[in-house]
Engineer: 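Just passing along the structure, written as structure tokens.
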Amino acid sequence: MINKTVLNAEDAVADIQDGATLMMGGFGLSGIPENCIAALLKRKIQNLTIVSNNAGVDDFGIGLFLKERMVKKMISSYVGENEEFERQLLNGELEVELIPQGTLAERIRAGGAGIPAFFTPAGVGTEVAEGKEIREFDGKHFLLERALYADFALVKAWKGDTAGNLIFKGTARNFNPLMATAGKITIAEVEELVPAGSLDPNAIHTPGIYVQRIFKGDSYEKRIEQRTVSV
Amino acid sequence: MLTKEQIAKRIAKEVENGQYINLGIGIPTLVANYIPAHLEIVLQSENGLLGIGPFPKESAVDPDLINAGKQTITLLPDSALFDSAQSFAMIRGGHVQLTILGAMEVSEHGDIANWKIPGKMVKGMGGAMDLVASAKNIIVAMQHCSKDGQSKLLPKCALPLTGIRCVKKIVTDLAVLEIAPEGGFILKERAPNVSVDEIKSKTAGKLIILGEVPEMQFD
């Protein structure tokens, strides 16, 4: 069994350079790679292109990168919870590519699966379609969308083993398994790291083949954006 | 005029037994509170869940369980979890039969705009473009007029579009309207104590009135 473990977040992200393209898992603040984010913040690298469904909030997640001016370009589907983001965008300090969420997911999936492009109905007739090839299939129009790739994919799982096999929990799965397939180097941080052979093979969501580095995250804040409770 | 809760309550009457349904943020989320208990339906959350349960008790809040509005939720005994590609495969594949979402503008041809106000607000489309491109039935929940009194039912949308020729029905605080295949808003029902004339004056797009327009009924 190939051992993918690295000591900690600092070691895992040590070779990420200025100008890198990073995919970062998570939906809102759920399932984000908190420990990798903290380690990258210490290194203050710059000109990052970040592929992530959202951009965090002002003082947590990717919002912290924005505050430190580490990001050149965001590729996202929804960025509504972040004032600093909106400020940088409206001032022209940040490039942003907004993509329909399903198209974003499929572009990442395609990138990891060796599919260079695909047709989707999402965005036909809107500004998302500008400059893209449109084809008709069975009487309906579709856009040609290209696959997405990244230098590094940073993903967060619930459990993982030393061979890089991953299991996610709840809705913290979201973009993580897709991004794991589309990074040249995929770094997985997990809440619980176990020896290879201790996870049920039936239960594995992401096979270790996609993961190059794995470590146990020191701590997880798991901040909640909208705490809604019933009485 | 209907309250937000009443708009949600009226939309809940459109739900059919056996449907898989995606509810957008805002008024659409409230629809879940009014779906009759005898209907077997499943709510889809595009961040990766079929079978959205109620909000948790304080002691059961789990940051790893949220809906697409980032609210904490619970699982049901028959829930299923999956990743974002799977989630949108079921949306684009037409497996989610009903989408209920909010809008800033709807045109008389069923075009919808709800994601961007150039120069002012850039939040992104999230999953809305995928949803409106694919669901068999799309119902919009919104106020009839904007805060400054402008009609949101237009001949043509002025804001950047989310999707074209996709909205089937609109429920506002004043009326229930359907998009006519040849274009136009067919006035199907009016809110209690709201006249046809008032709806006419607040609808900028082509309004089609076919005979007597009944008042909405609430159980």
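Sequence lines set the chain letters: A, B, ... in the order given, protein chains first and strands last, and positions in each chain run from 1. Just so you know, these numbers come straight off a predicted model, no measurement behind them.
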Engineer: Does any backbone or side-chain atom of B:P56 lie under 4.5 Å from a heavy atom of chain A? Answer side chain, backbone, both or neither.
Structural biologist: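 B:P56 touches chain A through backbone and side-chain heavy atoms alike.
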Engineer: Who among A:A122, A:A55, A:P100 has the most heavy-atom pairs with chain B under 4.5 Å?
Structural biologist: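 Among the listed options, the one with the most contacts to chain B is A:P100.
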Engineer: Under 4.5 Å from any heavy atom of chain A, what part of B:L81 do you find: side chain, backbone, both or neither?
Structural biologist: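 It is both, since atoms from each part get that close.
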Engineer: Can you tell me how far apart CZ (B:F88) and CE (B:M129) are? Round to the nearest 0.5 Å.
Structural biologist: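 One finds 12.5 Å between CZ of B:F88 and CE of B:M129.
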Engineer: Just give me the residue among B:A133, B:S87, B:G126, B:G127 that pairs up with chain A most often, heavy atom to heavy atom, under 4.5 Å.
Structural biologist: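 Between B:A133, B:S87, B:G126, B:G127, the count favours B:G126.
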Engineer: Among B:A113, B:A68, B:P54, which residue forms the greatest number of heavy-atom pairs with chain A at distances under 4.5 Å?
Structural biologist: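 Max contact count across the listed options: B:A68.
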Engineer: Looking at chain B, which one of A:A105, A:P121, A:S30, A:G102 has the largest number of heavy-atom pairs inside 4.5 Å, strictly under?
Structural biologist: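 The residue among A:A105, A:P121, A:S30, A:G102 with the greatest pair count is A:G102.
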Engineer: Any ion pair linking B:D64 and A:K169 (charged N to carboxylate O, less than 4.0 Å)?
Structural biologist: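 Salt bridge present between A:K169 and B:D64.
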Engineer: Rounded to the nearest 0.5 Å, what's the gap from CG on B:L30 to NZ on B:K4? Could you check?
Structural biologist: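 Here the interatomic distance stands at 8.5 Å.
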Engineer: Please determine whether the number of non-hydrogen atoms from other residues, nucleotides or ligands lying under 6.0 Å from atom CZ of A:R69 exceeds 12.
Structural biologist: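 Counting other residues, nucleotides and ligands, CZ of A:R69 exceeds 12 neighbours.
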Engineer: Using a cut-off of under 4.5 Å on heavy-atom pairs, state which of A:T228, A:V229, A:L98 scores highest against chain B.
Structural biologist: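 Most heavy-atom pairs under 4.5 Å with chain B: A:T228.
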Engineer: Side chain from CB out, backbone as N, CA, C, O: work out which of these in B:Q86 comes under 4.5 Å of a heavy atom of chain A, or both, or neither.
Structural biologist: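 No part of B:Q86 comes within 4.5 Å of chain A.
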Engineer: So which residue, B:L49, B:D111, B:V61, ends up with the most heavy-atom pairs under 4.5 Å with chain A?
Structural biologist: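 Highest number of heavy-atom pairs under 4.5 Å: B:V61.
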Engineer: Less than 4.0 Å between a side-chain N and a carboxylate O, is that true for A:D59 and A:R223?
Structural biologist: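 Looking at A:R223 and A:D59, the cut-off is met.
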Engineer: Give, for atom SG of B:C166 and atom CD1 of B:I179, the distance between the pair rounded to the nearest 0.5 Å.
Structural biologist: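 Spacing of SG (B:C166) from CD1 (B:I179) equals 9.5 Å.
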Engineer: Which bit of B:A60 comes within less than 4.5 Å of chain A, counting heavy atoms only: side chain, backbone, both or neither?
Structural biologist: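 Neither part, no heavy atoms under 4.5 Å.
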Engineer: Out of A:S230, A:G170, A:G123, return the one with the most heavy atom pairs under 4.5 angstrom to chain B.
Structural biologist: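 Highest number of pairs under 4.5 Å: A:S230.
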Engineer: Please tell me whether A:F119 and A:F137 form a close aromatic pair, meaning their ring centres lie under 6.0 Å apart.
Structural biologist: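 Centroid distance A:F119-A:F137: below 6.0 Å, so yes.
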Engineer: Quick one: which residue pairs count as a side-chain hydrogen bond (donor to acceptor under 3.5 Å, both in side chains) with a foot in residues 9-20 of chain B, not counting sequence neighbours?
Structural biologist: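 Found B:R10-B:E14, B:R10-B:E189, B:E14-B:K169.
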Engineer: Working to the nearest 0.5 angstrom, can you tell me the gap between A:I50 CD1 and A:K73 NZ?
Structural biologist: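 One finds 12.5 Å between CD1 of A:I50 and NZ of A:K73.
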Engineer: Please classify the contact of A:E191 with chain B as side chain, backbone, both or neither, using a heavy-atom distance under 4.5 Å.
Structural biologist: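 Side chain only.
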Engineer: How many angstroms lie between atom CD1 of A:I214 and atom CG of A:D161, to the nearest 0.5 angstrom?
Structural biologist: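 If we round to the nearest 0.5 Å, A:I214:CD1 and A:D161:CG are 6.5 Å apart.
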Engineer: Side chain from CB out, backbone as N, CA, C, O: work out which of these in B:T162 comes under 4.5 Å of a heavy atom of chain A, or both, or neither.
Structural biologist: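 The answer is the backbone of B:T162.
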Engineer: So which of A:N174, A:L89, A:V79, A:I108 has the largest heavy-atom pair count under 4.5 angstrom toward chain B?
Structural biologist: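 Of the candidates given, the most pairs with chain B belong to A:N174.
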Engineer: Which region of A:V128, side chain (C-beta onward) or backbone (N, CA, C, O), has a non-hydrogen atom less than 4.5 Å from a non-hydrogen atom of chain B, or is it both or neither?
Structural biologist: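 For A:V128, side-chain heavy atoms alone lie under 4.5 Å from chain B.
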Engineer: Select one option (side chain, backbone, both, neither) describing which atoms of B:K116 are under 4.5 Å from chain A's heavy atoms.
Structural biologist: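 Only the side chain of B:K116 comes within 4.5 Å of chain A.
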Engineer: Between A:N53 and chain B, which part of the residue has a heavy atom less than 4.5 Å away: side chain, backbone, both or neither?
Structural biologist: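 Contact with chain B is absent: no heavy atom of A:N53 under 4.5 Å.
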Engineer: Is it the side chain or the backbone of B:N67 that comes within 4.5 Å of chain A heavy atoms, both, or neither?
Structural biologist: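 Only the backbone of B:N67 comes within 4.5 Å of chain A.
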Engineer: Tell me, side chain or backbone of A:I99 under 4.5 Å from chain B's heavy atoms, or both, or neither?
Structural biologist: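 Contact with chain B: backbone only.
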Engineer: Could you state the interatomic distance from CD1 (B:I66) to CG (B:N47), rounded to the nearest 0.5 Å?
Structural biologist: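 Output value for this atom pair is 5.5 Å.
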Engineer: Is any NZ, NE, NH1 or NH2 atom of the basic residue among A:E97 and A:R146 found under 4.0 Å from an Asp or Glu carboxylate oxygen of the other?
Structural biologist: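 No.
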Engineer: Could you look at A:R109 and say if it's the side chain, the backbone, both or neither that has a heavy atom under 4.5 Å from chain B?
Structural biologist: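 Contact with chain B: side chain only.
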